[in-house]
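Everything below concerns the one structure shown next.
Atoms considered below: every heavy atom in the structure, side chains included; atoms not considered: hydrogens, waters and symmetry mates.
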Amino acid sequence: IVGWTVYREEWIALLERAVAAPKFRDDGARSIAFEEEFTLELADGPLHITGRLDRLDELDGGKRKVIDYKSGSSKPPGIQGAGGKLNVDLQLPLYQRSQNREDPTAVVAAYVTLGSADAITPKAQPELVDAFLDSLPRRFARGEFPVLPDVDGEACRFCEASLVCRTGLRVERKRIATSASGDEGGAQ
C-alpha cells in the first residue's frame, strides 16, 4: 500500500478495536491460522489460483470458518450475475473451495469489517460461481478473453489497462471527442 507508514497506526488501532469487539469471533471458535497461503487447482491441473486467507477458525463441532477482513465499505471481488452487474461474490467461494474442494458449502465463510467487527455473508450463488470457474480452463485454452465490463462500469473504475482497452470509459470519451471534431472514424 502506498503510504503504508502513514496509515499503519490507524489500521492497527482499527484492528485492535475490532478484535476487542464481542462479535469479532463466534462463540466457541478458535483461530487455527492467519494469513494462510493456498493454491486451488481448477480442472485437475491446467489452472491454479493462489491466495491468502486472512483468518481460519475452527467452530464448535469441527466445522471451519474462513474470515476475510474488509477495511470499510469496499465491495469484494465479484463476477457478473443477472443483468450484467458485478453482484456474484467470488472471493469467499474460492476461499471455501481452498478448504474443501468437494463440498465448499461445508465451510462457513464471511467478511468481517474492521470498523465495526460485523460479519457480512453475501448471498451464495454456487451455480453461477461453478459455471464461471468451470469455464476458465476452456476460455484460457482458446484465448477467449472478451472485453465485457459490467453494466455499471465498476470494473473500469480501477482498471490499469485503460490505455489499451477496447471498451470502457476512456473509449467512450474518445468516441465523444472524435464525433464532436467531425472525425467519424471514432475509436474502435
Side-chain angles (χ1 to χ4, degrees), residues 1-2 33 35-56 64-113 119-179 185-188:
I1 296 175
V2 175
E35 294 293 317
E36 180 177 278
E37 291 185 20
F38 69 86
T39 298
L40 181 61
E41 191 175 282
L42 296 180
D44 298 319
L47 183 61
H48 302 277
I49 296 174
T50 60
R52 186 183 305 260
L53 306 174
D54 286 345
R55 187 175 97 209
L56 183 60
R64 289 185 166 200
K65 182 174 185 177
V66 174
I67 308 289
D68 187 75
Y69 300 124
K70 292 296 176 200
S71 58
S73 61
S74 63
K75 287 173 40 177
I79 57 175
Q80 289 182 3
K85 292 184 178 278
L86 293 179
N87 58 359
V88 178
D89 182 46
L90 181 61
Q91 186 175 2
L92 290 182
L94 286 175
Y95 290 177
Q96 288 172 295
R97 280 167 177 74
S98 78
Q99 296 302 302
N100 188 333
R101 185 174 175 184
E102 287 73 38
D103 184 12
T105 60
V107 179
V108 179
Y111 296 107
V112 172
T113 59
I120 301 164
T121 306
K123 178 184 169 213
Q125 298 187 45
E127 65 288 343
L128 294 175
V129 171
D130 289 342
F132 174 77
L133 294 175
D134 290 345
S135 76
L136 288 178
R138 175 185 42 80
R139 290 171 55 201
F140 273 86
R142 291 182 181 169
E144 186 181 310
F145 304 107
V147 179
L148 186 62
D150 59 290
V151 295
D152 294 331
E154 288 293 316
C156 298
R157 288 183 46 207
F158 303 102
C159 181
E160 296 176 6
S162 66
L163 288 176
V164 295
C165 187
R166 298 181 313 264
T167 188
L169 302 174
R170 185 190 138 272
V171 172
E172 188 59 33
R173 284 192 305 267
K174 190 171 181 179
R175 187 172 288 122
I176 291 168
T178 56
S179 66
Q188 298 297 325

Side chains of [X] and [Y]: closer than 4.5 Å at any heavy-atom pair?
X      : Y      : value
Arg97  : Ile49  : no
Leu133 : Leu47  : no
Val88  : Phe132 : no

From CG (Leu92) to CD1 (Ile67), nearest 0.5 Å
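Interatomic distance, Leu92 CG to Ile67 CD1, rounded to 0.5 Å: 9.0 Å.
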
To check you understand the geometry: which heavy-atom pair defines the closest contact between [X] and [Y], and what is its length?
X      : Y      : value
Gln91  : Asp89  : N-OD1, 3.6 Å
Asp103 : Asn100 : N-OD1, 2.9 Å
Ile79  : Val129 : CD1-CA, 4.2 Å

Side chain to side chain donor-acceptor pair (under 3.5 Å) against [X], all qualifying residues, sequence neighbours excluded:
X      : result
Thr121 : none
Glu37  : Arg52
Asn87  : none
Asp152 : Lys85

Any side-chain to backbone donor/acceptor pair from Gln96 onto Thr105? Under 3.5 Å, distance only.
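Here the side-chain-to-backbone pair does not exist.
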
Go through the structure and list residues passing ring-ring contact (aromatic ring centres under 6.0 Å, His included) with Tyr69, not counting sequence neighbours.
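Here the qualifying residues are Phe24.
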
Using the salt bridge (charged side-chain N to carboxylate O under 4.0 Å, His left out) rule, collect all pairs that involve residues 138-147, keeping only residues at least two apart or in two chains.
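Residue pairs with at least one partner in residues 138-147: Arg138-Glu144, Arg142-Glu144.
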
Partners of [X] by side-chain contact (heavy atoms from CB on, under 4.5 Å), sequence neighbours excluded?
X      : value
Thr39  : His48, Thr50
Ala141 : none
Ala131 : none
Leu56  : Ile32, Ala33, Glu36, Arg64, Val66, Gln99

Could you list the residues that satisfy salt bridge (Lys or Arg N to Asp or Glu O under 4.0 Å) with Arg55, not counting sequence neighbours?
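Testing Arg55 for salt bridge (Lys or Arg N to Asp or Glu O under 4.0 Å), a comparison that skips the adjacent residues, returns Asp57.
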
Test Gln80 against Leu86 for side chain to side chain contact (heavy atoms under 4.5 Å, CB included), laying out the working first.
CA-CA 4 Å; Gln80 289 182 3; Leu86 293 179; 3.7 Å; yes

